[in-house]
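Presented below is the structure to which this report refers.
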Amino acid sequence: MARRAASAASAAAPAAIAAELARIVAALNPEQRTAVTTTEGPLLVLAGAGSGKTRVITVRIAWLLAHGATPEQLLAMTFTNRAANEMRERVAGLVGAERAKAVTVGTFHAFCVRLLRERGHAIGLPSRFAICDSSDQLAALKGALRELRIPETTLHPSALQSQISLMKSKLLTPIDALKQADDRRAKQVAKAYAKYDENLRRTRSVDFDDLLLFAVRLLRESAKDREELAARFRYVMVDEYQDTNAPQYELLRLIAGAHRNLCVVGDDDQSIYGWRGADVKKILGFERDFEGAAVVRLETNYRSVEPILEAANRVIACNPSRHGKTLRSALGPGEPVVVKRVEDETAEADLAVREITDRMREGLSRPKDFAILFRAATQARAFEAALRAKQVPYRLVGGMSFFDRKEVRDVLAYLRLAANPDDEVSLLRIINCPPRGIGKTTIDKALAYATAEGIPVARAFRQANAIAGLPAPAVEAMQAFLGKVAALGAADPGRDLVAWIRRVLAEFDYRAEVDRAYPDPATREERWQGVLELVNFAENHVRRASAPTLSSFLEALVMSSEDSEEEKESARDVVTLMTLHSAKGLEFPRVFLVGVEEGLLPHVRAVTENTVEEERRLMYVGITRAQRHLTISCVKSRARGGHRGESMPSRFLYEMRGEAPPKMWRPCEPREE
DNA sequence: GGATGTGAAGTTTTT
DNA sequence: CTTCACATCC
């Protein structure tokens, strides 16, 4: 990041590239062209669904480069790795791999990691901090609860996790949380938050939210770093701006606040992450925050046929607070949106699968043309069953990731412990896996000792002989185990990563543990494949990274949600099942939007919590995924939480047709507080 | 220290 | 209905 703007790149941009760019810009519609060529000052690009948003950002980067900016001066921020990768590839296609490489394109989180590794010392951050993923976070929270003697039944760790994350994404410190706490529970949450943070600091760890928070703190406190960053990144671009939370906004202000060359692209109508801290007010108030901002609306949609966009426009028009856009189809007329109400969820699944098999029989559609979209992940079950019965290949997006598999997490814990002997979470995970005679009682005693003495858990284990009442064999086993770990972690294997991982596996005889834990030979083989897949990842990392180390490998794993090879293979020609949230940004020729009922979409909790507007945006996102065909379904009777009950069509279905709901119809009522 | 049974609770998810 | 955490038993 501190690297000087190297102007060593190609002396003269090839004339061919310049001509190509002129051709591309000429082919844009007038609004897109304005968005591309307005380079100075704050710019808000309101990009409706399917309006060529990524094209605008990438061509804008090419335009900036062709008009005097150096690649080093450009910063493009995204929220997901997927978006970052796509942007990088498309920029490379426009300006050539060489210059594209020098443009900083990345997720907010990846940007912050780099910033903190290079400059974090200014706020006392150790350069070798570890990054916790969400299951590490959960384990750390359980530890904090244990130390505070709060039973997990009183404060559910996963609920605590999202509450703390939400507070962090609103820039609330544990002290703020304690000040604001007005009841017993809130006080406990604040205390757990404080203890959790304290433990992370002690183990030199940060969670995902901390990456943003520390970056903000660094740029607030160190004028030198702030000024250097602002001087380097003269042009800042942000994708999916409607998803920005408080720390991300703050970060942007700190980098681009002085020169104001900030271009944000987003769609307030697709803001669906309010529940995790994304603040739609940031995009609604951009013109106020950055006075004199130019605003461009992209309303021509290149994705969907007219009837689909008409439905989308009518639904979203019911939201009171928005910038206001109306999508126009570049594709023209098409088949009308189909709405069906069937008996129950089984019939709903049969309806969709029947349609899929019929269309496939015609030979004009393939499995990958179809997507089934739903509000809640639990709805997938019925569709999975129906697809299986008809032998239609499908993939369920979300669900358990490769890195959540037990064997993968176990092996990762070994690697992480070797890289960071203070990693308590990993230590506790594998201290007795494979079993080495260190039981729950022993561990509890060591934990109590660590808490009483105020020392790291790993140190307590190392001093096991000082702890009263521990069985001698357990003490020996612990010390032997820690000795092995220390020996492995003494030196970073660097390029020999793969061989080193194999040695770790052999040293701890993890194969034997897999054989022991899974008596069934088929699952045993499957589990072991998971371990081997991890070794593959390491191989890839060594091949791709410029200076691979154990730490860089572990970090790459935490920061990316990359699919395993096996998952990539199976994702080829299959029907896609996913939640509306994971569907954002995707498109399919034929979409089924299912379970469009009161209580589900909008969800009951959204109704009681007065967030129906966000549910309406979710409906809008669902509709606008469809290119040519959209089938919406709802049921008369649905089993929820074990009980079967009557389901009414969603209010959104009436809005979609521009009708008022019938008189007899009762939406779920907001609860009076 | 590990296997089996009982109980409660059950949107949305990326980094 | 089914998943996950916890308690109890061997």
Side-chain angles (χ1 to χ4, degrees), chain A residues 77-84 106-113 131-138 142 151-153 156-159 161-162 165-166 168-169 206-212 240 243 245 247-248 271-278 345 373-382 385 397-401 403-404 431-444 471 473-474 477 516-517 519 555-562 578-585 595 599-609 611 614-615 617-618 621-622 638-644:
Chain A
M77 303 268 228
T78 67
F79 284 81
T80 64
N81 287 311
R82 193 177 74 194
T107 64
F108 274 96
H109 296 268
F111 176 81
C112 290
V113 172
I131 302 164
C132 302
D133 68 11
S134 80
S135 54
D136 302 328
Q137 229 181 326
L138 213 53
K142 287 179 184 172
E152 291 182 17
T153 41
H156 213 66
S158 59
Q161 182 183 28
S162 45
S165 178
L166 193 61
K168 287 189 176 185
S169 61
V206 299
D207 64 25
F208 288 126
D209 300 307
D210 288 335
L211 292 172
L212 301 169
E240 305 278 15
D243 290 337
N245 65 20
Q248 286 158 339
S271 166
I272 55 174
Y273 286 109
W275 50 274
R276 67 178 195 211
E345 56 269 39
L373 310 181
F374 34 78
R375 173 65 237 258
T378 49
Q379 288 171 258
R381 191 172 302 280
V397 176
M400 204 179 22
S401 114
F403 297 103
D404 289 335
I431 183 80
N432 201 36
C433 171
R436 38 179 82 87
I438 305 166
K440 193 174 181 305
T441 330
T442 306
I443 292 171
D444 281 347
R516 188 195 62 83
E555 185 168 300
L557 289 184
V558 175
M559 298 294 291
S560 85
S561 54
E562 241 184 303
M578 63 184 160
T579 64
L580 289 167
H581 283 93
S582 14
K584 194 172 72 155
L600 206 48
L601 184 65
H603 196 272
V604 244
R605 282 184 65 169
V607 177
T608 58
E609 283 160 22
T611 53
E614 185 154 308
E615 299 289 300
R617 294 193 286 264
L618 217 36
V621 166
R638 180 179 296 278
R640 276 172 67 87
H643 273 281
R644 183 159 288 284

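A note on names: the letters A, B, ... follow the listed sequences, proteins ahead of strands, and every chain is numbered from 1.
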Of all residues at least two apart in sequence or in a different chain, which pass the side chain to side chain donor-acceptor pair (under 3.5 Å) check with A:Glu240? A:Lys53, A:Gln242
Under the rule syn = chi within 90° of 0, otherwise anti, which is B:dT11? syn
To the nearest Å, how far apart are A:Leu557 CG and B:dT15 C1'? 14 Å
Check nucleotides 3-7 of chain C for protein N or O atoms closer than 3.5 Å to its own N or O atoms and list the pairs.
| from | atom 1 | to | atom 2 | distance (Å) |
| --- | --- | --- | --- | --- |
| C:dC6 | OP1 | A:Glu152 | OE1 | 3.2 |

A:Arg605: which residues meet the salt bridge (charged side-chain N to carboxylate O under 4.0 Å, His left out) condition with it, sequence neighbours left out? A:Glu609
A:Phe111 CZ to B:dT15 C1', straight-line distance once rounded to whole Å: 16 Å
Could you pull out all residues at least two apart from A:Ala385 that satisfy side chain to side chain contact (heavy atoms under 4.5 Å, CB included)? none
In whole angstroms, how far is the C1' atom of B:dT14 from the CD atom of A:Gln161? 12 Å
Contacts of A:Thr80 that satisfy side chain to side chain donor-acceptor pair (under 3.5 Å) - sequence neighbours left out: none
Quote, to the nearest angstrom, the P distance that separates C:dC4 from B:dT13. 15 Å
Give the intermediate values and the outcome of ring pair (Phe, Tyr, Trp, His ring centres under 6.0 Å) for residues A:His603 and A:Trp275. CA-CA 13 Å; A:His603 196 272; A:Trp275 50 274; over 10 Å; no
Find the distance A:Glu345:CD to C:dT2:C1' and express it as a whole number of Å. 14 Å
According to salt bridge (charged side-chain N to carboxylate O under 4.0 Å, His left out), who are the partners of A:Arg381, at least two apart in sequence or on a separate chain? none
Quick one: is A:Asn81 getting a side-chain N or O under 4.0 Å of the B:dT14 phosphate, OP1 or OP2? no
Under the rule for ring-ring contact (aromatic ring centres under 6.0 Å, His included), what residues qualify as partners of A:Phe79, not counting sequence neighbours? A:Phe108
Using a strict cut-off of less than 4.0 Å between a Lys/Arg side-chain nitrogen and an Asp/Glu carboxylate oxygen, indicate whether A:Asp243 and A:Lys584 qualify as a salt bridge. yes
In whole angstroms, the gap separating C1' of B:dT14 from CG of A:Leu211 amounts to 13 Å
Give every pair of a protein N or O atom and an N or O atom of nucleotides 8-12 of chain B that lie under 3.5 Å apart, one pair per line with the distance.
| from | atom 1 | to | atom 2 | distance (Å) |
| --- | --- | --- | --- | --- |
| B:dG10 | O6 | A:Gly641 | O | 3.3 |
| B:dT11 | O4' | A:His603 | NE2 | 3.3 |
| B:dT12 | OP1 | A:Ala377 | N | 2.6 |
| B:dT12 | O4' | A:Arg375 | NH2 | 3.2 |
| B:dT12 | O2 | A:Trp275 | NE1 | 3.2 |
| B:dT12 | O2 | A:Arg375 | NH2 | 2.5 |

A:Ser135: which residues meet the side chain to side chain donor-acceptor pair (under 3.5 Å) condition with it, sequence neighbours left out? A:Asp133, A:Arg409
Sugar-phosphate, base or nothing in reach of A:Asp133, heavy atoms under 4.0 Å: nothing
